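What follows is one structure encoded as structure tokens, with my remarks underneath.
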Amino acid sequence: MPRFRNIADLGLATGLRAQQPDEPMSLNLFDRLQSSIADPSRLAIETPEGDRTTYGDLVDLTGRMAQALVARGVKPGDRVAVQVEKSVPAIVLYLATLRAGAVYLPLNTAYTLAELRYFISDSEPSLIVCDPAVRDGIGDMAQEAGAAVETMDPTGQGSLSALASEQNAAFATVARTGDDLAAILYTSGTTGRSKGAMLTHDNLYSNAATLVEFWRFTRDDVLLHALPIYHTHGLFVGTNVTLFSGASMLFLSKFVPDQIVSLLPRATVMMGVPTFYVRLLQHAGLTREAASNMRLFVSGSAPLLAETHREWQSRTGHAILERYGMTETNMNTSNPYEGDRVPGAVGFPLPGVEVRITDPETGVTVADGEIGMIEIRGPNVFKGYWRMPEKTEAEFRPDGFFISGDLGMIDARGYLQIVGRGKDLIITGGFNVYPKEVESEIDALPGVVESAVVGVSHPDFGEGVTAIVVRSSPEAIDEQVIMAALQQRLARFKQPKHIAFVDDLPRNTMGKVQKNVLREQYAKLYTIAAG
Ligand code: AMP
């Protein structure tokens, strides 16, 4: 019997209710979601093509789909690996996997068959769901892994969709404890192999419940959803927060600036990666009036330039709310809903989440204002890496804090600022250089659009500080002007040894600059020059 009636009863992250031994209640995320549905006739998802799915429809559709999964041999705890285009049926499949007590494992639609082989053999799913177009290519790797294969396309065609449509909607959601796995999301793996982050029902629930409250979601909200759904941002933050608040999503298959601008008047919230905001600022239709129905713009997954934040505010009147999270931890910190949303900062720990900054070597907490490793503890933090106990142990402190790999500091007002990934730290002539400090100085120069600073092997210094710069035009600024400006502003060891100009920085689908690609591209810069 579902117990939770409304969000206030759900037990926020600060005090997740522990399951009592005599309680038969399931802590399956879907049970918690279903019991929060106040009115099944309300709209949950709408597409620009006019497809409308109510909360009641979602319960029915996920019931049929869960029956289909069970019919294909999916058992509680099994992985269901999914590589399909973003669509409403894909959301149904996510929720149905939870209902079947199985573990949802979404895969980036850009992965090639060769890349998929690793994920399939590592995760050993009992079922793979893919687009009909790639079914043949997946056949042999599925066979090796002992997995069944079914298909689904964005229009709801495919063998799994057909099977689901023949099923009965009545499905008893499989009971789960809060500590059971709900999903495995592979990290993007810019160094070494991707790791499968194991997320529990409690991880997802606590973060969704916290964010609903923190960002003041209500059933009257309409989220403009243009993010991919194989990643924590679009799948958990966007979808779970909307559904747990009884709101609705305007569900777009991808990010198209024209479409976003035309739909803004119908939405109240948008969640985006920084590139969304940069590209929308280039659109003439982005005006104060176009954004007048909106109450909140959220950014995350990569650093939002302070300049973008300021420009957005002057164009639309809205201060973008930047937050910080990662695949392994869901969301950790957020700028305040009320109060200053500080450009370049990611705000305060969310309720129930603890953040500390430590010396990366010793693990000892450093003083506020000092840069160190960001460590996180809370109900949002994952259970560990799939079948990698040593890796998991190495990334947790004995007291349960997760070592995020991000470097940051807490400023005088208590806001967390991210300085970059630890692996991007440059050590030159024995000195530490934080790329962000150099990038911020370069970005502030007129004629510079953006920059990335990386360390590249150098015969004298170990690593040479190297700046890759995008400028508004070749005449706008040159190397001498940048160097002269930096001489006034940065200690000599932080100044770039080389500045390269490019048209665009390499980015992944979440808008993150791929510094590993840049490091590879410029790997021989100083060794060739020297030799
Ligand atoms: P992912 O696991 O793909 O979500 O990537 C998580 C990483 O993205 C974090 O560890 C950070 O390095 C970065 N990240 C996420 N949000 C922000 C943000 N608001 N500012 C800067 N970096 C961020």
Side-chain angles (χ1 to χ4, degrees), residues 106-108 110-111 183-192 194-199 203-204 207 211 227-238 271-278 297-309 312 319-336 341-350 353 355 357 360 371 373-376 380-382 385 395 402-409 411 415-425 434-437 439-440 443 450 452 507-516:
L107 293 163
N108 189 328
Y111 287 144
I184 294 178
L185 261 59
Y186 277 87
T187 58
S188 43
T190 45
T191 48
S194 279
K195 303 180 287 286
M198 299 189 287
L199 295 153
N203 290 152
L204 302 185
N207 217 233
L211 293 174
L227 290 160
I229 54 166
Y230 50 73
H231 185 269
T232 186
H233 197 165
L235 183 62
F236 300 141
V237 190
M271 293 181 190
V273 293
T275 37
F276 282 19
Y277 294 100
V278 171
F297 289 97
V298 180
S299 176
S301 295
L304 181 78
L305 290 180
E307 193 192 322
T308 311
H309 191 287
W312 190 269
I320 298 172
L321 183 153
E322 188 172 7
R323 92 306 179 272
Y324 160 57
M326 57 199 303
T327 302
E328 289 93 330
T329 62
N330 300 279
M331 300 305 103
N332 301 312
T333 72
S334 170
N335 270 278
R341 299 178 190 165
V342 175
V346 293
F348 306 105
L350 288 165
V353 178
V355 172
I357 311 290
I371 293 173
M373 178 61 67
I374 301 175
E375 296 188 8
I376 301 143
N380 54 318
V381 176
F382 75 138
Y385 293 113
E395 310 232 340
F402 172 62
I403 306 168
S404 71
D406 289 317
L407 296 173
M409 67 129 170
D411 69 17
Y415 285 76
L416 178 67
Q417 296 192 8
I418 298 176
V419 178
R421 296 292 295 167
K423 63 181 191 303
D424 294 331
L425 176 74
Y434 299 99
K436 189 172 176 197
E437 188 185 355
E439 289 160 3
S440 304
D443 293 347
E450 59 174 348
R507 285 199 148 82
N508 72 6
T509 44
M510 297 307 290
K512 286 191 226 295
V513 175
Q514 293 169 304
K515 290 201 164 173
N516 54 326

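Whatever order the structure lists ligands and atoms in, that order sets their numbers, starting from 1. Worth saying up front: this structure is predicted, and the values here are computed from it rather than measured.
- Here atom 12 (O) of ligand 1 lies nearest to D406 when heavy atoms of V419, L407, D406, V237 are compared.
- Using 4.0 Å as the threshold, G325 has a heavy atom nearer than that to some atom of ligand 1.
- Residue contacts with ligand 1, taken as heavy atom pairs separated by less than 4.0 Å, involve A302 solely via the backbone atoms N, CA, C and O.
- Note: F382 and Y385 have perpendicular aromatic rings, judged against thresholds of 30 and 60 degrees for the angle between ring planes.
- Close contacts of ligand 1 with E322, meaning ligand atoms under 4.0 Å from a residue heavy atom, involve 18 (C), 19 (N), 20 (N).
- Short contacts between ligand 1 and P303, defined as distances under 4.0 Å to a heavy atom of the residue, involve ligand atoms 20 (N), 21 (C), 22 (N).
- Against a heavy-atom cut-off of under 4.0 Å, H231 is close to the following atoms of ligand 1: 1 (P), 3 (O), 4 (O).
- Short contacts between ligand 1 and T327, defined as distances under 4.0 Å to a heavy atom of the residue, involve ligand atoms 1 (P), 2 (O), 3 (O), 4 (O).
- The proximity of S301 to ligand 1, defined as any non-hydrogen pair under 4.0 Å, is limited to the backbone.
- Residue I418 approaches ligand 1 through these ligand atoms, each under 4.0 Å from one of its heavy atoms: 20 (N), 21 (C), 22 (N).
- The shell of residues lying under 4.0 angstrom from ligand 1, judged by heavy atoms, includes R323.
- Using a 30° and 60° split on the angle between ring planes, F348 and Y415 fall in the tilted class, from 30° to 60°.
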